[in-house]
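A quick note: this is a predicted structure, and the numbers were derived from the prediction, not measured. Naming convention: chains lettered A, B, ... in sequence-line order (proteins, then strands); numbering from 1 in each chain.
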Amino acid sequence: MLYTVVMNRNRDFQLCYRKGVCIPSRLVVMYARPNRLPYDRLGITAGKKIGGAVVRSRARRLIRQAWRENECDAPIGLDLVIVARHALPEAGADKLSRYLRKEGIPALRKAFGGDRSCSERS
RNA sequence: GUGAGCAGACGAUGCGGUCGCAUGAACGCUUUAUGUUUAUGAGGAAAGUCCGGGCAUCACAGAGCAGGAUAGCUGCUAACGGCAGCCGAGGGCGACCUUAGGGCAAGUGCAACAGAAAAGAAACUGCCGCAGGCUAUGCUGCGGCGAUGGUGGAAUGGUGAGGUAAGAGCUCACCGGAGUGCAGGAGACUGCACUGCCGUGUAAACCCUAUCCGAUGCAACGCUUCAUGGUGCCGACCGUCUUAACGCUUGCUCGGCGGACGGUUCCGGCAAGAGCGGCUAAAGCAGCAUGGCGACGUGCUGCAUAGAUAAAUGACCGCACACGACAGAACCCGGCUUAUUGUCUGGUCACAGCC
């Protein structure tokens, strides 16, 4: 992921859950809040609820790839947590990517008014 | 050919193309960041965490208890609760399979319902003899007998014969069990002979016997470094109390060590953050030779390449095939157990057919 850093502290996750904007859907749930940094931070949650280790790894990979394909259109300066739901592993990669492009990212832009984006910056 | 049974291999992908990730190496760059190229990149169970070990730290002044594990024998192994071979018991026509397989002749407990009686032996019922009275087998009394008594998982060994007033291991034969002796075996055990006539089941009930076990697990543990905050511990000072308390020492006891408690203040150190190490070559695998029935040992040769840390192995397209089951490394090994689409290989057994 070119313009995004991995979020790896439990405190950041908790902040996102409590104070962030929640954007639910059938495949994933996104929590986001501004972080006042010049880049985005992405965290992925795939809980035991959706299946065993194989299923959870697959969900993580799908989310990471879909975000990589669409991160250029997202607003800058967000802490973002994407939570996988149990329908995700069977759905496939292109479905999630299409969802982010058509609905997820526009919702983020609407919530945080992001005119700036990576594509414009670079 | 049909049907069984055993052992084993593979187990999900491969090739081409586009995008992408982690680690190592090389190159470029003043260093970092980053870039380019290249190599490598989940399993037979990686799982459950059920055993055993390595490794690490703690305690080391030890002893005992408690607790836990194992339970036929001999071996293999670093070790094991694992494995191999054998013995006993059970199942199968057979190949073969199953087996928590010490001790109720140390003690305690339990044995519902049924049944006369469930562990102390007797009572009850019954059989037989004698006596009494009565019309009378019946009834009453005394004595003998021992297991006949619808049960029950289990009834004082079983079956048959003799014996007797009636009976009884009372006697005999066979069987079961016990003890002793002899023979065989490394041993579990097996065979034979003799004695003798023997009180059930349950130890996956307490318990007893034998053997083994210190505790905690890589978030162990070691190193480096910064800032903040005054949280915990150690040191310093003051006060109080006293030889018994208190604290530490593996869960407890003995034993051992330390005087103990409270308050104050400031200085120094440690831990909590971050980074690095631990972190992958290991009692390893394959082939050949050799010893052994086998587990396995020995020698030689060759191969040795995942090491992430919010956690890398992915997505899409085309072709091929078994049309992709169960399923994802987290310190490392040896086992066990559980999950699993299927494909293939090699012996073996029974039945049928042919020669």
Side-chain angles (χ1 to χ4, degrees):
Chain A
M1 289 171 285
L2 223 53
Y3 305 105
T4 307
V5 169
V6 169
M7 185 155 75
N8 63 354
R9 295 178 52 171
N10 196 34
R11 206 172 51 216
D12 298 333
F13 278 78
Q14 296 303 326
L15 277 175
C16 266
Y17 293 143
R18 277 207 303 273
K19 306 203 170 169
V21 177
C22 175
I23 304 169
S25 74
R26 206 173 64 81
L27 298 176
V28 294
V29 181
M30 297 197 292
Y31 296 89
R33 69 187 283 273
N35 62 359
R36 298 207 226 146
L37 291 169
Y39 48 82
D40 288 340
R41 294 194 299 178
L42 175 68
I44 300 173
T45 298
K48 262 196 176 152
K49 233 193 306 186
I50 66 166
V54 174
V55 174
R56 286 154 64 201
S57 305
R58 177 167 170 77
R60 266 203 307 276
R61 285 162 186 156
L62 290 176
I63 291 171
R64 204 167 8 209
Q65 183 186 340
W67 180 254
R68 198 182 65 241
E69 286 170 359
N70 295 288
E71 65 178 342
C72 287
D73 300 324
I76 290 176
L78 285 183
D79 273 356
L80 187 70
V81 175
I82 301 184
V83 179
R85 308 189 67 184
H86 65 274
L88 177 63
E90 301 118 46
D94 48 341
K95 265 192 184 169
L96 180 62
S97 186
R98 201 176 314 131
Y99 160 76
L100 278 184
R101 194 164 54 248
K102 296 269 170 60
E103 299 173 43
I105 304 282
L108 284 178
R109 282 174 160 282
K110 196 175 167 196
F112 298 101
D115 339 313
R116 309 181 304 157
S117 72
C118 302
S119 45
E120 290 169 14
R121 278 185 84 198
S122 59

- [ ] If the glycosidic angle is within 90 degrees of 0 it's syn, otherwise anti, so just tell me which one B:A42 is.
- [x] syn
TODO: Pull up the glycosidic torsion of B:G11 and say syn or anti, syn being anything within 90° of 0.
DONE: anti
Pull out every protein N or O sitting under 3.5 Å from an N or O of nucleotides 323-327 of chain B, one pair per line with the distance.
none

Open item on the list: Could you identify the nucleotide paired to B:A136, looking across every strand shown and requiring Watson-Crick or G-U wobble geometry with both distances under 3.5 Å?
Closed with: none
TODO: Look at the side chain of A:Arg56 and the backbone N and O of A:Ala84, then say whether any donor-acceptor pair between them is shorter than 3.5 Å.
DONE: no
Task: Torsion-based syn/anti label for B:G115, 90° from 0 as limit - done: anti
Task: For the student: nearest non-hydrogen atoms of A:Leu100 and A:Trp67, plus distance - done: CD1-N, 4.0 Å
Task: Heavy-atom closest contact (A:Pro24 atom, A:Tyr99 atom, distance) - done: O-OH, 4.3 Å
Open item on the list: Which is it for B:G222, anti or syn, if anything within 90° of zero counts as syn?
Closed with: anti
Task: Any strand: nucleotide that pairs with B:C83 via Watson-Crick or wobble, under 3.5 Å - done: B:G75
Open item on the list: Looking at B:G20, which nucleotide sits across from it as a Watson-Crick or G-U wobble partner, both distances under 3.5 angstrom, or is there none?
Closed with: none
- [ ] Send over the distance from A:Arg56 CZ to B:A42 P, rounded to a whole Å.
- [x] 21 Å
Task: Nucleotide-resolved protein contact map, nucleotides 313-318 of chain B, B/S/- at heavy-atom distance under 4.0 Å - done: SSS---
- [ ] Name the pairing partner of B:A295, where a pair is Watson-Crick or G-U wobble with both distances under 3.5 Å, or state none.
- [x] none
Task: B:G167 - base-pair partner by Watson-Crick or wobble geometry, distances under 3.5 Å - done: none
TODO: Would you kindly compare A:Thr45 and A:Ser57 by the position of their nearest RNA chain B nucleotide and give the one closer to the 5′ end?
DONE: A:Thr45
